[in-house]
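Order of the sequence lines fixes the chain letters, A, B, ..., with proteins taken first and strands second; residue numbering starts at 1 for each chain.
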There are 2 protein chains.
Amino acid sequence: MEIEEMLKQKDLKITPQRMAILTVLKNTRSFLSAQELFQEVIKILPGTNFSTVYRNLDVLLGKGLLCRVPSDTADLYELRREEGHHHHAVCKGCGASIPVDFCPMESLAKELGRKGFLPTEHCFEVYGLCERCRDGKK
Amino acid sequence: MEIEEMLKQKDLKITPQRMAILTVLKNTRSFLSAQELFQEVIKILPGTNFSTVYRNLDVLLGKGLLCRVPSDTADLYELRREEGHHHHAVCKGCGASIPVDFCPMESLAKELGRKGFLPTEHCFEVYGLCERCRDGKK
DNA sequence: AATGCAAATGCAAATCAATTGCATAAGGAG
DNA sequence: CTCCTTATGCAATTGATTTGCATTTGCATT
């Protein structure tokens, strides 16, 4: 299985909980809050504890398997897919997230490097209204 | 006073608490968490309540007088200065924040517009190590 | 200067996301 | 199969942020 390999590559033990978490994330096109993720996980693996999900989100994030984006309420998580790095335009009306391939770090890394700054992470998210919500609301 | 005018322009009442909050923010070059801000505010205006600070951060943010950036622990706030919009490179070692003039939205607004997406807000923050911390740690 | 009312504040309690300590269970190398 | 390390379940805690409500205050208007 692909998921098992992901875990092995990162020296993480293969547990049913992790399998469940990654399975859910893999089957979700947009991103999920920890709560939403948890709700899906317990459908697959009833009895899974909430803190296990949280702990694993941290672990998986630390290993670079996930990415996290801040949101008004809770942080949202998403599987980091091979296609690579991207950002999102999130609709505040319906919650839809549109992938954005453009990454500002490409333009900025050099300039920051010149100043001696070594970027390790970054966050770039756009919020607004998608075409549908825009029409509907104004 | 400049601060009073900022409030008037936004149809906000001029209260000692708001004056204190804005004074602190004005005298701070980087950004502050709500807690840090509160600590400073009560030096100026003892007795100010914590929830008052929070509520005003929301209000001032809503009026566009502040900007907020997400952070590991708590959100951070900063006065939005006339010089205009900018982002930050934040050092995870010492917490220093380096202003970044480059704004990715300039390049992206058109493209998103073509897709019908109307951006209203965005978040772009870079995290990493500044020159000093970089040397010290690795 | 006095009045009225909406907006702002203080206080305390409630939420809610996220974290942690600890005893138990389970992965997987040997 | 055994051992040791890591992961999990559970319950309690932390810490940021929010909210209800009674009271006070800014300030536009008499």
Within the 4.0 Å heavy-atom criterion, would you say A:F50 contacts the bases, only the backbone, or no part of the nucleic acid? nothing
So what does A:T48 touch, heavy atoms closer than 4.0 Å: a base, only the sugar-phosphate, or nothing? sugar-phosphate
Rounded to the nearest angstrom, tell me the gap between atom CD in A:Q35 and atom P in C:dC16. 10 Å
From the list B:L57, B:D58, B:L76, side chain to side chain contact (heavy atoms under 4.5 Å, CB included) with B:R68 holds only for B:D58
Side-chain N,O (A:Y54) to OP1/OP2 (C:dA18) below 4.0 Å: yes
If the test is side chain to side chain contact (heavy atoms under 4.5 Å, CB included), which one of B:V69, B:L25, B:L66 qualifies with B:F31? B:V69
For A:D72 and D:dA16, what is the distance between atoms CG and P respectively, to the nearest whole Å? 19 Å
Which nucleotide, if any, forms a Watson-Crick or G-U wobble pair with D:dA28, using both distances under 3.5 Å? C:dT3
Measure distances between side-chain N and O atoms of A:S51 and base N and O atoms of D:dC10, and say whether any donor-acceptor pair falls under 3.5 Å. yes
What is the distance, to the nearest angstrom, from the CE atom on B:M19 to the P atom on C:dA8? 15 Å
Going by ring pair (Phe, Tyr, Trp, His ring centres under 6.0 Å), B:F124 matches just one of B:H85, B:H88, B:H87. Which one? B:H87
If you pin A:R18 and B:P16 to their nearest nucleotides in DNA chain D, which one's is more 5'? A:R18
Go nucleotide by nucleotide along DNA chain C from the 5' end; which of B:N49 and B:K13 gets its closest nucleotide reached first? B:K13
Test salt bridge (charged side-chain N to carboxylate O under 4.0 Å, His left out) on A:K26 and A:E2 and set out the steps. CA-CA 10 Å; A:K26 192 165 190 176; A:E2 276 201 31; 3.4 Å; yes
Within the 4.0 Å heavy-atom criterion, would you say B:R55 contacts the bases, only the backbone, or no part of the nucleic acid? base
Between B:L12 and B:A34, just flag the one whose closest nucleotide in DNA chain D comes earlier from the 5' side. B:A34
Under 4.0 Å between a side-chain N or O of B:T15 and OP1 or OP2 of C:dT9? yes
Phosphate oxygens OP1/OP2 of C:dG10: is one of them under 4.0 Å from a side-chain N or O of B:Q17? yes
